[in-house]
Amino acid sequence: NAGVTQTPKFQVLKTGQSMTLQCAQDMNHNSMYWYRQDPGMGLRLIYYSASEGTTDKGEVPNGYNVSRLNKREFSLRLESAAPSQTSVYFCASSERGAYSNQPQHFGDGTRLSIL
Amino acid sequence: AQSVTQLGSHVSVSEGALVLLRCNYSSSVPPYLFWYVQYPNQGLQLLLKYTTGATLVKGINGFEAEFKKSETSFHLTKPSAHMSDAAEYFCAVSSGGAGSYQLTFGKGTKLSVIP
């Protein structure tokens with residue numbers, strides 16, 4: 001079982017470059033999420049998609065865009081990368097969101113450095 | 001709004017000693033509570049969750065947590081630490097109201113196990 005798959009695992013960018021982080025889940029989950037993890041900050045929600053066709057901003061959306069391509073895939077795009085976006089990015093999915101007792105399942109992360 | 005506070009960003013215990021990781025939450029509605037574990041260079045894995053019913057919840061790897069509504073706490077314990085328990089642990093809350101799709105995480109507690 002692959003679960004949640006993120007690509008790439010590592011990436012180095014220069015300031016101003018753009019890139020897309022890919023995420024796919026094979027659990028037929030409705031909801032998908034993008035988080036960033038920074039030392040001492042825990043995980044902070046960037047964007048989420050409660051169901052196919054919908055996306056909403058989380059706690060820290062500035063500088064990012066997302067696309068829910070289909071039920072399986074949820075991508076995160078950095079249009080013009082900034083050093084402050086250096087972080088570890090995690091994609092997660094759950095059967096459903098919204099005050100749910102369903103746990104989220106996480107990918108292994110993308111480690112992104114912006115010079 | 002919901003929030004999570006984990007007391008102690010770093011906890012050290014001796015192998016075989018009791019593990020106690022503290023988590024307090026705030027929520028305007030009955031919460032769903034989760035503990036996740038993160039091993040180095042990996043994503044988060046669910047340890048256990050509280051939804052409704054029994055307030056003492058057992059999880060994987062010998063961990064358990066007790067939901068105490070009066071204390072708004074959900075502390076994680078394990079009777080005897082093992083070297084393999086060294087990791088970072090995150091408490092998270094899911095509750096209703098504004099931003100109800102969000103799973104709010106604490107900032108994490110890094111557990112070190114001393115041989």
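Hydrophobic clustering (ILVMFWY, side-chain heavy atoms < 4.5 Å, transitive): Leu18(B) and Leu56(B) are in distinct clusters. In terms of hydrophobic clustering, with Ile, Leu, Val, Met, Phe, Trp and Tyr side chains grouped at heavy-atom distances under 4.5 Å, Phe34(B) and Tyr33(A) are assigned to a common cluster. Val60(A) is not connected to Val88(A) by any chain of hydrophobic side-chain contacts under 4.5 Å among Ile, Leu, Val, Met, Phe, Trp and Tyr, and they are in different clusters. One hydrophobic cluster, built from ILVMFWY side chains closer than 4.5 Å, cannot hold both Val12(A) and Phe10(A); they sit in different ones. Hydrophobic clustering of Ile, Leu, Val, Met, Phe, Trp and Tyr side chains at less than 4.5 Å, counting indirect connections, keeps Leu44(B) apart from Phe74(A).
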Inset, instruction - Please test Gln38(B) against Phe90(A) for side chain to side chain contact (heavy atoms under 4.5 Å, CB included), starting from the C-alpha separation and ending with a verdict. - result: CA-CA 12 Å; Gln38(B) 184 181 32; Phe90(A) 287 99; 3.2 Å; yes
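Contacts between Gln6(A) and chain B at a heavy-atom distance below 4.5 Å are absent for every atom of the residue. Using a 4.5 Å cut-off between heavy atoms, Leu46(B) touches chain A through its side chain atoms alone.
Using a 4.5 Å heavy-atom threshold, the side chains of Thr104(B) and Leu45(A) count as separate. Contact of the Phe105(B) side chain with the Gln37(A) side chain is not registered, since no non-hydrogen atoms from C-beta on lie closer than 4.5 Å. Using a 4.5 Å heavy-atom threshold, the side chains of Tyr35(A) and Leu103(B) count as touching.
Note that CD of Gln45(B) is 11.5 Å distant from NE2 of His105(A), once rounded to the nearest 0.5 Å.
Residue-level contacts of residues 106-113 of chain B with chain A, in order of numbering, are Gly106(B), Lys107(B); threshold 4.5 Å between heavy atoms. Residues of residues 63-72 of chain A never come closer than 4.5 Å to chain B when only heavy atoms are counted. Scanning residues 106-115 of chain A against chain B with a 4.5 Å heavy-atom cutoff picks out Phe106(A), Gly107(A), Asp108(A), Arg111(A), ordered by number.
Partners of Tyr47(A) according to the ring-ring contact (aromatic ring centres under 6.0 Å, His included) rule, which considers only residues two or more places apart in sequence or in another chain, do not exist here.
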